[in-house]
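In what follows, a single structure is set out as structure tokens and then discussed.
In the text below, chain A, chain B and the rest are named by the order of the sequence lines, each starting its count at 1.
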Amino acid sequence: MKYSSFVSVLALVAGLAQPASAQVGMRLPAKVELEQFTQTKATSFEDYHGRALLIEFFAFW
Amino acid sequence: MSSKGLSVLAVTSEGTRDTEEWIAKKQAKYAYAYSKNGSLGRFLGVGGIPHAALIDSEGLVVWTGSPFQIDEKQVEALLSGALTKPLWEWPAAARAAKSAYVRGQVGTALAEARKLAPNDGGAEVVAAIEAQVAARVQNLELEWRRGNYLAVEDAAKQAKTRYAGLPQLAQIEALAKQVEAAPNAAQILAAQRKIQKLREEKPSKRKDREKAQDELRKLLLEFPGTYVAQEADELIQDLARLK
């Protein structure tokens, strides 16, 4: 799926844009608690180790 | 961009049943996962949906904001130093290499990958790791030239474990020595650590944010035209945007 299509899907749940935050420049915690990885062969956040990552927060509503 | 090192992961803190129904209805095909306790969102300062974050290959948050404002060039810049072959695509025989890689022992991971038989897919893993290590050293040289001494110092601290047995270890140690010998290195490193601390403190009260901004303005005056000034200026602006 192209990135532009991915963003378009998220547009369906559009909300207000959030400003840049002071989290920039910080490192992710050693343990990131995510579960039920779906539509990917990754089974834990550890599997993304070493990859550049775009994280998109979404909601079904 | 996946083959160049980018992964996209959607994250939700909503309930499984409603989310699964929504995904099926929308026929969404992207990778997603659940953050049941919402800790990742809190860490990244998510205050509304949609919200996105770009993370570099070393786990550093490089941007957060609306997904509609993502700059493609910013994403492309992240790819240098990213692993082109994600861990879930590494062959089963590369288990030891993967385990070492996840522990941050890149040199050991490479040594393990080199032990694999040709038909076990080791060559691809070796190529991916070698390319990443070369790019990371190149990036670090760039950071040194930009005046980001702290990035060099931090990398050098981890290098013995991370790059044991690799020729790049000596390159990183040489960069660290250049930092040590640079004029005003101690003051610059202290200023960078101060900025890092202020960033991590994330002051929630307006009064504290203003105090932090005052301290950053002092650094702007003290280190004009340097990487320190750039970092200080960026954080002043970020703090000003926080409500």
Side-chain angles (χ1 to χ4, degrees), chain A, chain B residues 5-12 14 18-19 22 26 28-37 39-41 43-57 59-69 78-79 82-83 86-88 101-102 132 199-200 202 235 238-239 241-242:
Chain A
M1 184 178 204
K2 285 186 177 174
Y3 170 69
S4 56
S5 308
F6 181 80
V7 171
S8 300
V9 170
L10 287 172
L12 295 169
V13 291
L16 292 174
Q18 297 301 303
S21 75
Q23 278 75 14
V24 169
M26 288 175 67
R27 218 164 275 281
L28 284 181
K31 178 80 180 165
V32 173
E33 289 182 33
L34 293 178
E35 54 193 274
Q36 287 177 261
F37 284 75
T38 310
Q39 300 188 152
T40 170
K41 287 177 183 168
T43 56
S44 73
F45 195 74
E46 215 171 55
D47 282 340
Y48 289 89
H49 204 93
R51 296 281 286 176
L53 186 59
L54 168 59
I55 298 174
E56 298 259 8
F57 291 89
F58 76 104
F60 65 84
W61 37 262
Chain B
L6 179 71
S7 289
V8 180
L9 179 66
V11 172
T12 185
E14 299 296 330
D18 289 331
T19 299
W22 185 83
K26 299 292 175 193
K29 302 293 182 198
Y30 45 79
Y32 63 97
Y34 290 87
S35 175
K36 293 287 169 68
N37 62 13
S39 59
L40 182 61
F43 175 80
L44 290 169
V46 175
I49 299 292
H51 189 96
L54 286 171
I55 315 295
D56 79 5
S57 63
L60 200 70
V61 181
V62 295
W63 177 89
T64 70
S66 162
F68 307 109
Q69 295 171 335
L78 279 189
L79 301 178
L83 196 61
L87 292 180
W88 60 84
Y101 186 85
V102 168
Q132 183 179 50
R199 192 185 288 125
E200 286 168 3
K202 287 184 284 184
L235 189 52
D238 282 346
L239 291 171
R241 286 190 200 104
L242 295 175

| task | Could you look at B/V62 and say if it's the side chain, the backbone, both or neither that has a heavy atom under 4.5 Å from chain A? | result | backbone
| field | Residue part contacting chain A, namely of B/N37, when any heavy atom lies under 4.5 Å | value | side chain
| message | Once you measure the plane-to-plane angle for A/Y48 and A/F45, does it fall in the parallel (<30°), tilted (30-60°) or perpendicular (>60°) bin? | response | tilted
| request: Under 4.5 Å, counting heavy-atom pairs only, tell me which of B/L60, B/L87, B/T19, B/L79 racks up the most with chain A. | output: B/L60
| query | How would you list, by chain and number, every residue that makes a salt bridge (charged side-chain N to carboxylate O under 4.0 Å, His left out) with A/D47, sequence neighbours excluded? | reply | B/K98
| note | Assert top hit (heavy-atom pairs under 4.5 Å, partner chain A, pool B/L78, B/D56, B/L54) equals B/L54
| Which of the residues B/A82, B/S39, B/P86 is involved in the greatest number of heavy-atom pairs with chain A at under 4.5 angstrom? | B/P86
| said: Among A/T38, A/V32, A/T43, which residue has the highest count of heavy-atom pairs closer than 4.5 Å to chain B? | reply: A/T38
| If you look at every heavy atom in B/L40 and B/S35, which pair is closest and at what distance? | N-OG, 4.1 Å
| query | Is the backbone of A/F58 close enough, under 3.5 Å, to the side chain of B/T12 for a donor and an acceptor to pair up by distance? | reply | yes
| field | salt bridge (charged side-chain N to carboxylate O under 4.0 Å, His left out) partners for A/E46, two or more places apart | value | none
